Structures are given as structure tokens and as C-alpha cells.
Novice: 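Let me give you the structure first, and then I'll get to my questions.
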Amino acid sequence: MRTLIKGGTIVNADSMGPADVLVEGEEIALIGKDLDVPADKVIDAGGKWVIPGGIDPHTHMELPFGGTFAKDTFETGTRAAAFGGTTTIIDFAVQPRGGTFHQGLDTWHEKADGKACIDYGFHCIVSDMRDELLPEMDQLVEEGVTTFKLFTAYPGVFLSDDGAIFKALRQTATNGGMILMHAENGPVIDVVAADLVAAGTTDPIGHGLARYPVFEGEATNRVIRLAQAAGAPVYFVHMSARDALAEVRQARDEGWPIYAETCPQYLFLSLDDMGHGFEGAKFVCSPPLRTPDHAVELWKGLAVNDLQLVGTDHCPFDFHGQKEMGRGDFRKIPNGLPGVEERLDLLHDGGVVSGKISPMRFVEITSTAAARLFGLPQKGVIAAGKDADIVVYDPNRKHVLSASTHHMAVDYSCYEGRTVQGGADVVLSRGTTIVEGGEWLGRAGHGRFLRRERRGFSPITPSRVEERVPALVG
Ligand SMILES: [Zn+2]
């Protein structure tokens, strides 16, 4: 099967310009001006961008939380991702407490195998970092699961103490893996949350009020220091607070391999959304939404590469029946928001259209940076020999985000009624057209498990002060 994409503008992280793309089988075969070659299918990309399919390195399909499960399966969640222009996800396989990493991985392979519509990899969530599991980390890195998420939050569920975090960091210093951190001071948050409930604040807003930005800043600083001591890189997931970003910025200025992602909810939503009585439950996630001044700093961080990319932390729970488990006590609301489908369009609209980032930076933070940081050399770039994960993206099409039209299996949208400019018109996954003109042409089971390369593959160098450009915002 040969597909020719004609007349578009190729946008990569480091260059942009008009060219045609010939896809042969699963890979990009040829790129050139005015290609005149026979093809089984020709896609007219006139006036459109041709960009590498999005990579969302932070999703939770079917995640168990507090006796229920995140609504999207690997089938519905990856289909929704594809409609939004994302062609690869990296999901989190949860180690059962007392069990091994491989047990968690086996469970997640079962969830994904034969169901995923796009390619996928796994990170491991470390539920208890026992010493005897350290060698298993080396084994996993060999097997293409190169990243391990630890927590300074959720005491009794996921929390690792500083010693355990240090040991895990030290292990990745030598095995080529990387630790991902959820950095918030969980034990202290629990004290404030209990105080709030005792004082009668039981609505969802309490979730946001209990988790001070400084608790994220403190935990981020602590983990950076531990990583420096261990001689290991570290990657912070879902960074939300300017306090935490300031720590990352300082460490990167000093040349340390410290990386961080943020998520659309921290750029486009705010603490106010968690008000309005129990409606605010729709916006309960951790870390929580912040006041708008934090988002200004996050945009600056994205513009100058103090933040390397944007993942979604997609973890959808229905408002009815699931979020409602926390009526009367915000601590019982399942944590998580839907978002895997809306990431590219939000970032295009709020980032590129508004002039905060360039089209090339848009591609970098939605795809290329994740491919580099997480060891996916076949992904994240439009180039000959790479996987033909391609999105024909219309940077001018306006549409309205709504639960009535989205493809995620959840009964609300965080962005209900919001008009965004930009949308994926045609989506190819390894050469197969899976979305075209709003129609689903893909299939469950098309997606393959991706064994990822160890860190060291095309590393992103730490930013240096002299490379900085003034942020376009604020
Ligand atoms: Zn997460």
C-alpha cells in the first residue's frame, strides 16, 4: 500500500516547509517537492500541515482507583486519542502492592493486547519499592519498559519514602532507565485535608485548597536533590505549580538532567473551576488546578524548554456514578480528568494561534520531545525511514469541544462549549489511515506494544542560560 500526501506543509520540531510525503507500507518512504509517483491513495493536504502523530506519554486507561476504574478502555481511549491526532500513548502499569513489576505489566498487557487502536508503551508505577525488586528494574529496562513512576504522595497506597526513592534513582543511574516522579508532599496534604473536612469544607474545592503549591515545590526540590546525589536524571509528571517549576528551572540552569511535563488542565483551567458546589468534582485531579498566575509561568516554561512537553494524565471518571462517590467528602472523589483527545487542539489554539509558541515548538511538545525522552526512535518526526504515524492537521478549522461530540467514554468534557482552532483531518498509524474526515477507519488490535530504548538515545541536553529567549507571554 502506497499513500501519497500532497501539497501540505511539513512541520517538524526543527524545520517547516512545503513538501509531499510518500508512505509505503508502514513507513515513510520519501519526502520531496511535487512528488510524481504512482500511489494507491492520494491525500490532498493543500493548506494543511503534515505533522508527526502526537505522543501522549501519560495516560491511565482502566486505572483502578478507590474501588472503581477509569472509564476508557484501551480500545475507546486510543480511538479517542486518534481522533485528536495522537498516534502513540505510554500508559502506566501498576505494580500490585507486595507483588512484582512484571505482575503489573502482565495485567496491563492483558488490558491492551488486541484492543489498542494505536501503538503503546508502558511505564511502571511503583507501589512499593522493596529492595529485592531493584534487579527487576534492570530486567525491565532490557525489555523496553524503561521508566518507573514513584510518588511522594498517597501515603499507604503509592508513597515511597526518601530512602526508597533514592535507591530507585541510583538504580537508573546505571541501568539507563529513568524515574518519573509525582511530586507533592502527601502526608502534609493529608493533614490539611483532614483539617478542612473537620471544619466543614467537604465540597470538591477542598481538594484544591488542601494541596498547597508549596507542597509541590517542596517535594520537587527534595527529589531533585536526591537525583543529584544519585547521579540520575529525573522526570516530573504533571507539573502544575510555579513553585515546582522554579526548582526545575534552577536545576536545569545549573546543567542537571531534570525534565518535566505539564498537562492541558494546568494551562487552560483554574482553581475556580473546582468551585460551584459538587460540579467541581469534574475537575478533581492531583496535583489540583491552580490559580491562573501559575499557568502564565507554565506557558513561559514551555516556551523556553524548562518544561519539555505536554502529556494529559488522561484518567476519566464519569461525573454520574463515579465522581459522585465523593459527595460529602472530597477525599473520596476519584482523581483524574479526561483529556487524551483534546491535547493537540487546545495547545494549537492556546499556544500557536495565540502566539505563545511556534508551530515547530507545538510539534516538539506534543510529539518529538516524548519520542526522544522516552526512547521511541521510530516516532515523533516526519522523515524517511520513520514510522508513518502522520496527521494531516488543519490549522484553520474551528470546532467546539463537547461531551456530545467527543469520543472518550466519559459523560462530561472539562472544556464543554469551548471553541478551538485546529483539528486533525486525516490520521495515519504506521501507514494505515485510521481517521479521515471525522470518520473512524481504524480497528481494535491495530496498535502494537512498543519496546522502548534506554535513555541515552538522542538525549535532550539540559537548557543553558545563554540559549534562553525571552518568553513570549507574561
Ligand atoms: Zn497520572
Side-chain angles (χ1 to χ4, degrees), residues 54-66 68-74 77-78 80-81 86 88-95 101 104-105 107-108 111-112 120-127 145 147-155 157-160 165 178-186 189 207-208 211 215-216 219-220 223 234-241 244 259-267 269 282-290 298 307-317 322-323 333-343 370 373-374 408 410 414:
I55 300 173
D56 189 340
H58 193 154
T59 67
H60 299 284
M61 305 305 171
E62 282 181 66
L63 178 81
F65 193 106
T68 189
F69 287 85
K71 276 291 296 293
D72 267 318
T73 62
F74 272 82
T78 56
T86 288
T88 300
I89 61 166
I90 311 178
D91 206 89
F92 287 82
V94 181
Q95 172 211 3
F101 301 137
L105 214 49
T107 304
W108 256 257
K111 290 177 197 273
Y120 58 96
F122 290 127
H123 312 284
C124 261
I125 279 183
V126 177
S127 302
V145 178
T147 37
F148 306 85
K149 182 183 181 189
L150 280 77
F151 298 72
T152 59
Y154 304 118
V157 185
F158 291 128
L159 182 131
S160 289
I165 293 168
M178 187 160 67
I179 299 299
L180 318 184
M181 285 302 306
H182 177 135
E184 286 186 293
N185 191 321
I189 286 168
H207 177 85
R211 307 179 89 91
F215 297 155
E216 188 180 341
T220 301
V223 171
V234 68
Y235 176 97
F236 292 94
V237 292
H238 51 48
M239 189 155 279
S240 71
Y259 308 105
E261 75 181 14
T262 188
C263 310
Q265 54 268 33
Y266 305 120
L267 298 166
L269 302 171
K282 292 175 177 173
F283 301 94
V284 166
C285 58
S286 294
L289 304 181
R290 305 293 188 188
L298 295 175
L307 293 166
Q308 284 67 51
L309 59 87
V310 178
T312 60
D313 201 1
H314 176 77
C315 191
F317 296 98
Q322 291 190 299
K323 290 284 189 182
I333 300 169
N335 281 209
L337 310 180
V340 76
E341 185 171 355
E342 297 144 335
R343 182 179 64 130
L373 269 174
F374 295 115
M408 300 177 285
V410 60
C414 293

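Note that the coordinates shown come from a computational prediction; the quantities given were computed from them, not determined experimentally. Both backbone and side-chain heavy atoms feed into the values below; hydrogens, waters and symmetry mates do not. When a ligand or atom number is given, it counts from 1 through the structure's own listing order.
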Novice: Closer than 2.8 Å to the Zn ion (ligand 1), do we get an N, O or S atom from His182, backbone or side chain?
Specialist: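 Not a single backbone or side-chain N, O or S atom of His182 is under 2.8 Å from the Zn ion (ligand 1).
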
Novice: I would like to know whether Phe158 and Val94 meet side-chain contact (heavy atoms from CB on, under 4.5 Å); could you show each step before the answer?
Specialist: CA-CA 10 Å; Phe158 291 128; Val94 181; 3.9 Å; yes

Novice: Could you tell me the separation between the CZ atom of Arg290 and the CE atom of Met239, rounded to the nearest 0.5 Å?
Specialist: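 Rounded to the nearest 0.5 Å, the CZ-CE separation comes to 10.5 Å.
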
Novice: Provide the atom name of the closest N, O or S atom of Asp313 relative to the Zn ion (ligand 1).
Specialist: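 Of all N, O or S atoms in Asp313, the Zn ion (ligand 1) lies closest to OD1.
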
Novice: Nearest 0.5 Å, please: how far is NE2 in His207 from CZ in Phe283?
Specialist: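 The distance works out to 13.0 Å.
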
Novice: For Asp72 and His314, which I'm curious about, is there any donor-acceptor pair between the side chains at under 3.5 Å?
Specialist: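 Yes, because at least one side-chain N or O of Asp72 sits under 3.5 Å from a partner of the opposite role on His314.
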
Novice: Looking at His58, which of its N, O or S atoms is the nearest one to the Zn ion (ligand 1)?
Specialist: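 Looking only at N, O and S atoms of His58, the one nearest the Zn ion (ligand 1) is named NE2.
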
Novice: So, is His60 placed with an N/O/S atom under 2.8 Å from the Zn ion (ligand 1), counting both backbone and side chain?
Specialist: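 Short answer: yes, at least one N, O or S atom is under the cut-off.
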
